[in-house]
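Following: one structure in structure tokens, then a few remarks.
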Amino acid sequence: MQVKSSIIWRMIAWFLLLALIPLGAVMIFVQRQVNQTVLDVELQALVREARLHAAESAHHPDAFEEHTQIYQGIDESAFILETDGTYLAHTDRQKIGASAKNDFAPDILQTFFSAKSGSLENSDTGQIIGYAKIPDQNSVMVIVKDNQAIQSTLNSLSNSIFLQHSVILLITSIVSG
């Protein structure tokens, strides 16, 4: 009887080993796909948000002041840039009138003015950025969000799902054994 239970435990161990390897590979693949999808959705949302603020700023001069209240106390910032790279408005009032050249690489600043609107991921600083030109003005509305917070949330969610699947697989293996 003891030999039979020993064989059963070995079979369970092999089953777990052989099942966890593909499960881990699948979870890594799924995590990458989910991360990319969430990033794409966040970038699209930032572009929509920038377009909305840009359109309102074109028609209401003090609209930006109202919009900046949205960003108080969170890991986002919003600002309006003039074509020369000067901050016309910013959620951090100390930056108004300063040059954005200290905060962004020249190619990123050029990107802000190269299209009507768009988004980009600044992997050097861990930021995602949405931007939109303000109609009938030589300026652009930019919204910057910290990507690290999003990634850490996604990673903890993925780890939790992997742990839950592993526990379910372990319980299933023991019960079926």
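The analysis underlying the following values was restricted to heavy atoms, covering all of them including side chains, and did not include hydrogens, waters or symmetry mates.
When atom types are taken as modelled, the side chain of T86 and the backbone of E82 share no donor-acceptor pair closer than 3.5 angstrom.
Here the closest heavy-atom approach between residue A50 and residue I143 is recorded as N-CD1, 3.6 Å. In terms of heavy atoms, S119 sits closest to L43 at OG-CB, 3.6 Å. Among all heavy-atom pairs drawn from K133 and A54, the shortest one is O-CB, 3.6 Å. The shortest non-hydrogen separation linking A100 to L81 is CB-CD2, 3.5 Å. Across every non-hydrogen atom of H90 and I96, the tightest pair is N-CG1, 3.7 Å.
Inter-residue side-chain proximity for K101 and L109 is flagged as met; some heavy-atom pair is nearer than 4.5 Å. Between L46 and E49, the closest side-chain pair of non-hydrogen atoms falls below 4.5 Å. At least one side-chain heavy atom of E121 sits under 4.5 Å from a side-chain heavy atom of L39. The shortest distance between side-chain heavy atoms of K145 and E42 falls below 4.5 Å.
For the 3.5 Å distance criterion, the side chains of D40 and Q44 fail to qualify, holding no donor opposite an acceptor. Between the side chains of D103 and Y87, at least one donor-acceptor pair of N or O atoms lies under 3.5 Å.
Under a hydrophobic clustering in which Ile, Leu, Val, Met, Phe, Trp and Tyr are joined whenever their side-chain heavy atoms come within less than 4.5 Å, directly or via other members, I108 and F79 fall into the same cluster.
For D84, the CG atom counts as densely surrounded, since its 6.0 Å shell holds more than 12 non-hydrogen atoms of other residues, nucleotides or ligands.
S117 contributes atom OG, which lies 13.0 Å from atom CE of M141 (distance to the nearest 0.5 angstrom). Atoms CD and OG1, on Q110 and T83 in that order, are 12.5 Å from each other to the nearest 0.5 Å.
F113 and Y131 have their aromatic ring centers separated by at least 6.0 angstrom.
Under the 30°/60° scheme for interplanar angles, the aromatic rings of F104 and F112 are found to stand perpendicular.
Remark: of the listed residues V140, L88, V142, L88 is the sole one forming a side chain to side chain contact (heavy atoms under 4.5 Å, CB included) with I80.
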Show the numbers, then the answer: is there a side-chain contact (heavy atoms from CB on, under 4.5 Å) between I129 and N122?
CA-CA 7 Å; I129 303 169; N122 188 355; 4.2 Å; yes
